[in-house]
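Throughout, a chain's letter reflects where its sequence line sits, starting with A, and its residues are numbered from 1.
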Amino acid sequence: MPDSNHRFKNDEQQPRQDQSADHDADDMKPEEREYHERFMREAINMAELALKSDETPVGCVFVKDGEIFGRGMNETNRTLNGTRHAEFVALAGILSKHPVSTLKETDLYVTVEPCVMCASMLRQYGIRAVYFGCWNERFGGTGGVLNIHSDPSVDPPYPVTGGIFREEAIMLLRKFYVQENDKAPEPKQKKTRELKTEILPMDIHAPKSTPTPPVPGLKKPPVPAASTA
Amino acid sequence: MGVDSAAQLVPLRTKDEVRASIETHVLYAVEIPARFANSVKDVIHEARPEFKPGEISHLRRVVQFKFLPPQLQKRFNPPARLQRGIRNSEEHEDDEQPPPAALFNPLPPSDDESCSDSDEESCAKSEDTVRFFLLCPTRCFKPAELVALLRKNPPFSTMNIHPKLLYVTVPALAPTSAEQANQWSEQYWPIAYKNTNPFGPHPSLVARNTAEIESEAGDWLALARTAAAETAELGVGEEVGCVVVDRSSGTGEVVAIAGDCRWRSPIGEAESHTGPGNVMAHAVQRAIAIVAKKRLLMAGKNPAFLDRTLFCDIPLTAAETAAYEKANIEPTGYLCVNLDIYLTHEPCVMCSMAILHSRFRRCIFGKRMPLTGGMTSDTAGNDANPGKGLQHGIFWRPSELNWKFLAWESPASAELSASVTDTLHV
């Protein structure tokens, strides 16, 4: 890795990640879990707001010094822009008031694993850590499909923890996918689709390159929705 | 479009193509009479049902000596030849059983295998000539195990001879073009090319698309450089730019132009160039946002809906404004379906994925960015960083990502693209 021109060279760096640096919420201590769940609950609230707005239900909050200082939800459908993911929306608010360097002490809580695009953006900005709900098997960038948070890059890696309120995050997505996405071309008939409520337990807890096991009804939405995470 | 504007476009190799071009493994082979090929094949597959013959279906299973590549001909020379029972008994009448060497005798080096002449004996010899038969990858059996298995079955059992295992290094995956198949046949082992590319776009599809865009690509890349220079001039961005082109009607129509704006502050001023700047204002992000705004506008909606200053998606320069104000986009279109994007440099991982999310049709860039780029799959790098490359190959990973598109680089334009810092995320 080239590090001579590292833009964060003089700043405090995250410890170098190894495989075990990808965490699963199930391995957390109860008090630790409680702390993170408080913020993930707020992210879920944002995802619910997205669902009410006919957007893919993904929500996020950014947390610094134990306090929320930015919120976002997916806005891809209403803006006709497939890149308006919750993370972008939240950061557009935050960075209009705070310098980029603030993000080095900031953690992200997002209901669905950041996609490849957002995972790269977060790394370029120097986010401290990412916590997410369910894995994203279609284009997840922090373990679901690729490992943009820890692969070779000119930027320092960041740690990720998945699985916080995973079932709720999945249920929100399922609720969305049984609706029509009339923005997508050639919408297919979804009327006959049922909302499945059974969520299979995770039997593998190795997030790195090991996506969440296939969940019926979530894996391949037949209509190309603009985005999820 | 002027002739001298033609950019030489080089299609990017997909991640799987790169893998297919370098991955080899070792297979067992034996010499057997051609008529026993099927029975030996059955023996192998019965003993190892988990070995799928499809795995080596890109290789000719049964090959005559004369069709082997030169290096193997040298290694396996002289080829064995099956002797006729009569001659065996004549030559070895003193033995109870003929020794193995007598059954698979070398052909005389000068022997002509072809049947072109009318020499009957020559033709008979050709029929008897032993073939080289590919058994399976070496991982399937330990050598002794395989020898024992073959020994128990015809032709080795009936002729009472010991199989002699040969080791052949072959490409592990199928070739992706006829050229590659020919090259491999010369280098490794005769290849059965099925005129398909399982690891990327079909060569004819790539050729057709290259022909369609090649004559005008140079102009669009030049326009991207203009866009780059304009925002760089304002002090609000790196000298990086892109152009979105709609070619669905047969002629190229510029839909959006955007330069990089990472150094533009929330109040629109030029900022000091420290840290990553405004990552959301990379040229690609801005271009995609401008396309979306045009669609909203054309649909009679407010283009400023849910807009935020930091997205920097208002046209800033003369070129950007001119493209934005042209009402040349379908209001009913979906994201960037059927649109092409031309960039001065290889887009970073974030922007590569933004292009994928937006479902672009084709992506063409000038200069490779081996330390930050998300499109290339190989380790070629560029002049400044040879042998580098992140190898993400985001444009074509259909088994993992939910969209794919064609991508090219233009080495000629790369020389004209601004020399930005190696570590810059474009």
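Judged by distance alone, with hydrogens and angles left aside, the side-chain atoms of A:E113 form a donor-acceptor pair with the main-chain N or O of A:G141 at under 3.5 Å.
For B:Q391, no part lies near chain A; criterion is any non-hydrogen pair under 4.5 Å. Proximity to chain B is absent for every atom of A:L122, based on heavy atoms less than 4.5 angstrom apart. Only the side chain of B:C348 comes within contact range of chain A, judged by heavy atoms closer than 4.5 Å. Looking at B:T309, there are no atoms closer than 4.5 Å to chain A (heavy atoms on both sides), in backbone or side chain. If you measure heavy-atom distances from A:L95 to chain B, the contacts under 4.5 Å come from both the backbone and the side chain. Residue contact with chain A, scored on non-hydrogen atoms closer than 4.5 Å, involves the side chain of B:I394 exclusively. Heavy atoms of B:D313 lying under 4.5 Å from chain A belong exclusively to its side chain.
A side-chain donor-acceptor contact under 3.5 Å links B:N385 and B:D422. Looking at A:N81 and B:K293, their side chains never bring a donor and an acceptor atom within 3.5 Å of each other.
Interface check for chain A: of the options B:R295, B:H392, B:M353, B:R397, the most heavy-atom pairs under 4.5 Å are formed by B:M353. Chain A forms the most heavy-atom pairs under 4.5 Å with one residue out of B:P303, B:S358, B:A354, and that residue is B:A354.
In this structure, A:Y109 and A:Y131 have parallel ring planes: the angle between them is below the 30° cut-off, well short of the 60° mark.
The 12-atom threshold is exceeded at CD of B:E23, counting heavy atoms of other residues, nucleotides or ligands nearer than 6.0 Å.
Qualifying salt bridge (charged side-chain N to carboxylate O under 4.0 Å, His left out) partners for B:E409, counting only residues two or more places apart in sequence or in other chains: B:R368.
Residue B:W396 is tested with B:L356, B:L406, B:L12 for a side-chain contact (heavy atoms from CB on, under 4.5 Å); the sole match is B:L406.
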